[in-house]
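Labels below follow one simple rule: chain letters A, B, ... track the order of the sequence lines, proteins then strands, and each chain is numbered from 1.
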Protein chains: 2
Amino acid sequence: MATTQDRQLVEQWRSIQNSYFRTAAAIDRALEAKFDIGLNEFEILDLVAESVDSACRMKALGERTPMTQSAVSKVVDRLEKAGLVSRMTCADDRRSLYLELTDAGRALHSDAAVEHRALLKENLGE
Amino acid sequence: MATTQDRQLVEQWRSIQNSYFRTAAAIDRALEAKFDIGLNEFEILDLVAESVDSACRMKALGERTPMTQSAVSKVVDRLEKAGLVSRMTCADDRRSLYLELTDAGRALHSDAAVEHRALLKENLGE
DNA sequence: TCAATCTATATGACGCGTCATTCAATGACA
DNA sequence: TGTCATTGAATGACGCGTCATATAGATTGA
């Protein structure tokens with residue numbers, strides 16, 4: 001019943017879990033310590049930073065991340081409270097919101113991104 | 001500042017995240033629906049099932065999973081409440097506990113494992 | 001053998017993500 | 001234009017994982 005293939009699958013899965021958790025934890029701690037934001041906050045910040053257009057984006061964000069819509073909403077709450085991002089209402093669809101980095105947000109993002117990339121390289125690349 | 005290598009790293013990381021989350025969510029939902037246990041509960045059950053010796057294992061479990069010691073403790077709480085596992089005190093070190101599957105635990109595990117492996121195959125291997 | 005230290009596990013407060021629901025705005029269609 | 005369904009986002013209850021701590025048992029060394 002426990003075939004060799006099963007064992008391989010389980011091994012593969014555990015190794016994915018481990019590398020995912022170790023990397024995520026390392027980044028999360030570092031960002032928390034140095035910039036006082038968590039990994040998910042950074043990921044959203046990063047997505048906002050890389051989208052140049054001013055399209056309505058709360059929705060789009062949800063499609064680029066495994067986070068739930070409500071998770072995104074709450075992450076944005078925190079980012080907004082921290083003064084890193086602001087929600088702008090959207091003229092063409094008043095249900096929608098788009099996000100903009102504040103100056104503080106842009107500054108923090110560019111510093112944090114360096115750290116983020118470095119930790120990715122350390123944990124993913126050899 | 002945003003080098004090509006950086007972009008590649010970020011891409012790689014997002015793809016890991018996505019495959020991790022999608023797989024974990026799929027397994028979690030399926031196990032929840034069919035067996036009323038979550039993914040972490042199953043993982044612990046799986047670890048207990050595959051350790052043949054009767055060594056004191058709460059500790060050992062913590063080393064084979066990215067979960068925290070307290071997370072393991074709480075997962076075991078739930079498994080015990082569900083009657084799938086029992087905590088046995090350890091003669092040679094009375095601080096330690098080892099775990100044993102109950103009959104119900106063994107039965108559920110062997111059914112759930114089939115589902116688990118199938119979903120791994122579906123999500124990891126093509 | 002007694003104190004100091006260490007180790008295995010449990011526990012409570014807390015933060016975050018999820019689900020279900022809600023609300024407002026939009027669209028579709030008669 | 002009025003109704004009904006749909007969509008973008010926010011919210012509250014809830015479950016789970018984490019951190020810091022607590023507790024009981026083990027170990028070391030004078």
Arg57(A) atom CZ is separated from dA9(D) atom P, nearest whole Å, by 11 Å
Do the ring planes of Tyr20(A) and Phe21(B) sit parallel (below 30°), tilted (30 to 60°) or perpendicular (above 60°)? perpendicular
Difference in axis direction between the ends of the helix from dT1(C)-dA30(D) to dA30(C)-dT1(D), five pairs, 10°: 20°
Is the shortest side-chain heavy-atom distance between His109(B) and Asp46(B) below 4.5 Å? yes
Does Val76(A) or Thr68(B) map to a spot on DNA chain D nearer the 5' end, using the closest nucleotide for each? Val76(A)
When the distance from CD1 of Ile44(A) to P of dA9(D) is rounded to whole Å, what number comes out? 12 Å
Between dG15(C) atom P and Met67(A) atom CE, what is the distance in whole Å? 19 Å
Kindly indicate whether the side chain of Gln69(A) and the base of dA10(D) share any N or O donor-acceptor pair separated by less than 3.5 Å? yes
Which part of the nucleic acid, if any, lies within reach of Ser70(A) when heavy atoms closer than 4.0 Å are counted: base, sugar-phosphate only, or nothing? base
Distance, rounded to the nearest Å, where Leu31(B) contributes CG and dC16(D) contributes P: 14 Å
Step by step, would you call His116(B) with Phe35(B) a side-chain contact (heavy atoms from CB on, under 4.5 Å)? CA-CA 11 Å; His116(B) 182 250; Phe35(B) 306 101; over 6 Å; no
How about Arg87(A) and Met58(A): do any of their side-chain heavy atoms sit closer than 4.5 Å? yes
Upstream residue (5' side of DNA chain C) when Arg94(A) and Ala71(A) are each assigned their closest nucleotide: Ala71(A)
Pick the closest DNA chain D nucleotide for Pro66(B) and for Asp93(A) by heavy atoms, then say which residue is nearer the 5' end. Asp93(A)
Taking the side chain as every heavy atom from C-beta outward, state whether Leu47(A) and Arg14(B) have any pair of such atoms under 4.5 Å apart. yes
Side-chain contact check for Arg95(A): nearest option of dG8(D), dG17(D), dA10(D) is dG8(D)
Has the side chain of Lys74(B) got a donor or acceptor that lies under 3.5 Å from a partner of the other kind on the base of dT18(D)? yes
Any side-chain heavy-atom pair from Lys121(A) and Gln5(B) closer than 4.5 angstrom? yes
